Number of protein chains: 4
Amino acid sequence: MTQAAALSPRKTPRQTRSRASVEAMLTAAAQILEAGGIAALTTNAVAERAGVSIGTLYQYFPNKETILAELVRRQKAQFFEDMGQAVAAAHDLGLREAARTVLHASIRHHARAPVLSRELEKAEMQLPLGPDVCAAGSEVDAAMVALLTHFAVPQPEVAARDLSALCRGMVHAALFAEDCDLAAIEARLRPAVFGYLGIAPDAPAPDGA
Amino acid sequence: MTQAAALSPRKTPRQTRSRASVEAMLTAAAQILEAGGIAALTTNAVAERAGVSIGTLYQYFPNKETILAELVRRQKAQFFEDMGQAVAAAHDLGLREAARTVLHASIRHHARAPVLSRELEKAEMQLPLGPDVCAAGSEVDAAMVALLTHFAVPQPEVAARDLSALCRGMVHAALFAEDCDLAAIEARLRPAVFGYLGIAPDAPAPDGA
Amino acid sequence: MTQAAALSPRKTPRQTRSRASVEAMLTAAAQILEAGGIAALTTNAVAERAGVSIGTLYQYFPNKETILAELVRRQKAQFFEDMGQAVAAAHDLGLREAARTVLHASIRHHARAPVLSRELEKAEMQLPLGPDVCAAGSEVDAAMVALLTHFAVPQPEVAARDLSALCRGMVHAALFAEDCDLAAIEARLRPAVFGYLGIAPDAPAPDGA
Amino acid sequence: MTQAAALSPRKTPRQTRSRASVEAMLTAAAQILEAGGIAALTTNAVAERAGVSIGTLYQYFPNKETILAELVRRQKAQFFEDMGQAVAAAHDLGLREAARTVLHASIRHHARAPVLSRELEKAEMQLPLGPDVCAAGSEVDAAMVALLTHFAVPQPEVAARDLSALCRGMVHAALFAEDCDLAAIEARLRPAVFGYLGIAPDAPAPDGA
DNA sequence: CATGAATGAGCTTTCATTCAT
DNA sequence: CATGAATGAAAGCTCATTCAT
């Protein structure tokens with residue numbers, strides 16, 4: 001009984017009223033996470049901010065971790081939505097254009113909710129993720145590896161991880177430093193990615209702004 | 001009362017016994033942090049592991065945050081030790097060699113205690129850092145900026161931040177994935193850094209293992 | 001409001017569907033009680049196991065105690081069914097045979113559902129029993145007292161209580177120790193009862209297995 | 001860490017102050033148990049009644065069960081104290097006198113704190129007892145078995161259990177019915193025990209009051 | 001100075017019960 | 001009548017922090 005208590009929600013709400021409650025709780029959790037970090041994410045705070053009672057929260061989430069897990073799951077689904085198309089489309093391009101496209105999508109994604117995103121990444125590490133949540137993440141990974149394989153990049157798994165980390169690290173740092181000019185970030189990051197992939201740099205713009 | 005509590009240690013102990021206690025507590029804190037994350041870092045646990053009483057802990061650290069802050073301060077000092085010489089020496093080299101040197105030192109540093117390091121970075125964000133701790137960090141930043149300026153890299157502050165984030169992101173991701181071959185990581189990261197700085201890639205090794 | 005809440009069911013359902021629901025709930029409650037003790041007996045668990053909604057449960061039982069009370073009432077009724085005839089028939093026998101008969105019936109009863117039975121006894125004590133429930137129990141008591149009076153046993157109320165307790169204690173202990181040979185238990189208990197009543201023991205069996 | 005959390009106390013208090021606290025908590029727990037049953041035994045109630053804070057309680061008892069376990073342990077130790085000598089002395093008597101002696105001690109013991117005693121017995125069943133607590137109980141059992149063996153009673157383990165249950169059942173029932181004349185209870189119980197053991201009854205008193 | 005007993009706010013979670021649909 | 005979403009008091013337990021010894 002206790003053993004079976006998984007990371008998945010407790011009830012799938014049928015009525016509209018409860019569906020709204022669940023949504024409210026997840027939104028509240030995201031906001032709290034964004035504002036105060038994991039330390040601030042208490043079940044009481046989530047319930048209060050969502051405007052429901054603590055009892056209601058526990059009708060839908062068997063424990064605190066489940067809320068985080070669901071948030072992570074959605075984040076990964078979002079990631080897939082944001083990246084999937086770009087990665088798929090990139091197969092028909094040259095490596096240079098493919099890299100540009102995917103990089104663009106990636107930056108777009110990371111800029112969506114950078115603080116929440118970072119916070120979820122932190123949480124993800126010490127969270128025993130359920131298989132469904134993992135699945136959501138690995139889809140994008142798989143697509144990236146497929147793309148890199150298609151372009152004959154050596155060690156595609158490693159490269160996927162490297163490029164992903166490279167990109168995430170730089171974008172987050174920039175946004176954390178309140179440097180929010182996405183186009184500029186992309187322009188700075190692109191040559192690094194090209195460098196990693198062994199692609200010749202773009203012809204330098206006559207004026208390096 | 002709580003408001004006025006500073007982030008710096010309460011007393012700077014001159015006596016050897018006290019100094020040993022403080023050292024023991026900080027070591028204990030680091031170990032706990034490394035083993036169990038911030039969640040496991042309780043004052044009682046630190047005191048117990050350090051072999052001192054909880055009362056003694058509060059004699060030298062006015063609150064929990066202070067312990068973390070001191071750990072961060074030392075981490076930054078370590079960073080300076082690891083990087084300072086490399087950055088200084090790099091002034092006398094060409095850009096390509098300078099980049100290699102600094103990158104090498106950087107990777108060396110990040111590989112020292114990657115788990116603890118990540119944990120401290122996480123903590124750092126939601127920590128109201130005292131001025132002395134900030135100072136420790138900015139020294140290295142300043143040196144990097146100076147170096148980049150010396151090589152006429154445009155926007156040296158931004159570039160310093162970018163390169164630092166790039167490097168940290170990739171190294172941590174690799175180490176987290178249990179990929180611990182530092183030389184290989186360095187070899188993969190170098191072309192990205194070169195790309196970022198607009199340096200032509202190394203002549204490709206005849207065999208790309 | 002809470003004070004006024006009685007111990008008797010809220011409605012006596014005439015319709016078949018309702019009756020089935022009530023039956024289902026009581027059965028569910030008994031099963032839960034048997035499997036997990038009083039601690040496991042939650043209203044939600046009862047409703048779920050009975051396949052009805054929690055709202056329906058509260059339509060027929062004003063509160064949790066009422067469910068238990070009804071279970072106790074039925075247990076006592078069962079006791080009367082199991083014992084009544086034996087006690088009545090015993091009037092026409094000699095004391096020795098009467099004791100044998102009643103003891104036999106008693107052990108049969110206690111062996112019916114010993115776990116549930118014990119659990120209900122535990123619950124019974126801290127339960128403010130309604131008068132109807134008490135009535136159910138006292139019928140058998142009265143019959144026993146009548147029987148003992150008929151045989152001129154001194155202090156028949158006390159003797160009824162003593163013999164009942166004696167018997168219950170030993171049977172439960174035996175069953176709890178997984179010693180389920182009813183005939184053997186009866187054979188061991190009989191001389192004790194005879195001893196209590198001052199009846200000479202049976203002629204010893206030539207082989208005392 | 002959670003796994004290792006046993007049923008044994010957390011700290012063995014060294015200072016007199018804390019020893020008093022522990023004693024106060026156990027006394028409080030016993031009183032609450034006696035007054036309101038297991039349902040009333042909450043950690044908050046225990047702490048409050050003992051005049052300590054809830055934090056103090058958890059310094060010495062890792063969880064609620066531990067308090068109960070300690071109470072059970074003491075009860076068993078008490079049982080051993082009350083019975084041990086009588087059982088030992090009984091070896092040198094005839095069976096009839098031995099039975100009288102042990103029965104007398106047993107009733108004395110059960111009459112000490114009958115309500116608490118019953119409550120602890122109830123609790124004991126659903127409690128995963130630690131080995132030390134079990135040990136405390138089995139000593140008396142072993143002594144009883146030894147005594148019965150000494151008198152060549154067949155199936156001494158079964159007989160020990162039966163007699164113990166018989167006795168406990170009747171004494172508790174009597175005391176619960178507010179019949180507190182221990183001598184009378186003993187006088188009624190004795191012939192039952194004699195009957196069980198196949199001993200001829202005492203010569204009947206000329207007047208059976 | 002060192003100790004560790006004591007504190008209590010606050011967290012996670014459960015469950016009896018109500019009430020709009 | 002049946003449903004099940006919602007409620008919130010209350011339970012078990014943790015941990016940063018204080019203070020008498």
Side-chain angles (χ1 to χ4, degrees), chain A residues 2 5 11 13-22 39 41-47 51-65, chain B residues 1-2 5 11 13 15 17-18 21 39-48 52-65 67, chain C residues 1-2 5 11 13 15 17-18 21 39-48 52-65 67, chain D residues 5 11 13-22 39 41-47 51-65 67:
Chain A
T2 331
K11 268 189 201 177
R14 296 271 162 83
Q15 302 187 7
T16 20
R17 181 165 49 140
S18 54
R19 197 177 287 268
S21 291
V22 169
L41 192 81
T42 72
T43 52
N44 286 309
V46 171
V52 301
S53 74
I54 185 65
T56 297
L57 188 151
Y58 277 92
Q59 291 240 342
Y60 298 101
F61 300 98
N63 50 49
K64 196 172 106 162
E65 278 72 44
Chain B
M1 198 179 275
T2 331
K11 316 182 182 181
Q15 300 185 9
R17 183 162 53 131
S18 312
S21 290
L41 192 79
T42 71
T43 52
N44 287 293
V46 171
E48 188 181 3
V52 300
S53 73
I54 184 64
T56 298
L57 188 152
Y58 275 89
Q59 202 111 88
Y60 295 102
F61 299 97
N63 51 48
K64 195 172 112 165
E65 278 72 43
I67 305 176
Chain C
M1 198 179 275
T2 332
K11 316 182 185 183
Q15 302 185 9
R17 184 162 51 133
S18 311
S21 289
L41 191 80
T42 72
T43 52
N44 286 293
V46 171
E48 189 181 3
V52 301
S53 74
I54 182 69
T56 298
L57 187 151
Y58 275 90
Q59 202 113 87
Y60 295 103
F61 299 97
N63 51 48
K64 195 172 111 165
E65 278 71 44
I67 306 177
Chain D
K11 266 190 202 177
R14 296 273 165 82
Q15 302 186 9
T16 20
R17 181 165 50 139
S18 54
R19 198 177 286 266
S21 291
V22 169
L41 192 80
T42 72
T43 52
N44 286 305
V46 172
V52 301
S53 74
I54 184 64
T56 296
L57 188 152
Y58 277 93
Q59 291 240 342
Y60 299 100
F61 300 97
N63 51 49
K64 196 172 106 162
E65 279 70 45
I67 306 178

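Because the structure is a prediction, the values reported are computed rather than measured. Residue numbers begin at 1 in each chain, while the letters A, B, ... track the order of the sequences.
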Please round to 10 degrees the angle between the axis of the first five pairs and the axis of the last five pairs in the helix from E/dA2-F/dT21 to E/dT21-F/dA2.
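That helix has its two terminal axes inclined by roughly 10°.
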What contact category does C/Leu41 fall into here, base, sugar-phosphate, or nothing, at under 4.0 angstrom with non-hydrogen atoms?
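Sugar-phosphate: the residue C/Leu41, judged by heavy atoms under 4.0 Å, touches backbone atoms but no base.
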Just call it for A/Ile54: base, sugar-phosphate, or nothing, with non-hydrogen atoms closer than 4.0 Å on any strand.
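Contact class for A/Ile54: base.
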Residues C/Ser18, C/Tyr60; criterion side-chain hydrogen bond (donor to acceptor under 3.5 Å, both in side chains); working and verdict:
CA-CA 9 Å; C/Ser18 311; C/Tyr60 295 103; 3.0 Å; yes
Going through the checks in order, is the side chain to side chain contact (heavy atoms under 4.5 Å, CB included) test met by C/Ile67 and C/Leu57?
CA-CA 9 Å; C/Ile67 306 177; C/Leu57 187 151; 3.9 Å; yes
Taking atom [atom2] of [N] as reference, at what distance in whole Å does atom [atom1] of [X] sit?
X	N	atom1	atom2	result
B/Ile67	F/dC15	CD1	C1'	13 Å
B/Tyr58	F/dA16	OH	P	6 Å
A/Arg19	F/dG4	CZ	P	15 Å
A/Asn63	E/dC11	CG	P	17 Å
A/Lys64	E/dT14	NZ	P	15 Å

Select one nucleotide: of [options], the one nearest the side-chain heavy atoms of [X].
X	options	value
B/Ser53	E/dA2, F/dG12, E/dT7	E/dA2
A/Thr56	F/dA6, F/dT3, E/dT7	F/dA6
A/Ser21	F/dA6, F/dC15, E/dA6	F/dA6
B/Ser18	F/dA16, E/dC15, E/dA2	E/dA2

Return the 5'-most residue of the pair B/Asn44, B/Gly55 with respect to DNA chain F, ranking by each residue's nearest nucleotide.
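Whichever sits nearer the 5' end wins; that is B/Asn44.
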Closest-nucleotide 5' rank along DNA chain F - winner of C/Leu57 and B/Thr43
C/Leu57
Under-4.0 Å side-chain N/O to phosphate OP1/OP2 contact, A/Tyr60 with F/dA6:
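The answer is yes; a side-chain N or O of A/Tyr60 sits under 4.0 Å from OP1 or OP2.
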Nearest non-hydrogen partners of B/Asn63 and B/Tyr58, listed with the distance
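Of all heavy-atom pairs spanning B/Asn63 and B/Tyr58, the closest is CA-CE2, 4.1 Å.
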Quick check: closest heavy atoms across C/Lys64 and C/Leu41, and the distance to 0.1 Å?
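Closest pair (atom of C/Lys64, atom of C/Leu41, distance): NZ-O, 3.0 Å.
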Which residues pass the side chain to side chain donor-acceptor pair (under 3.5 Å) test with B/Ser53, not counting sequence neighbours?
B/Thr56
Should the side chain of A/Gln59 and the base of F/dA5 be counted as holding a donor-acceptor pair, with the cut-off at 3.5 Å?
no
Within the structure provided, determine whether D/Val22 and D/Phe61 are in side-chain contact (heavy-atom separation under 4.5 Å).
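Yes, their side chains come closer than 4.5 Å.
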Measure the OG1-CD distance between B/Thr42 and B/Glu48 for me, rounded to the nearest 0.5 Å.
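Taking OG1 in B/Thr42 and CD in B/Glu48, the distance rounds to 8.5 Å.
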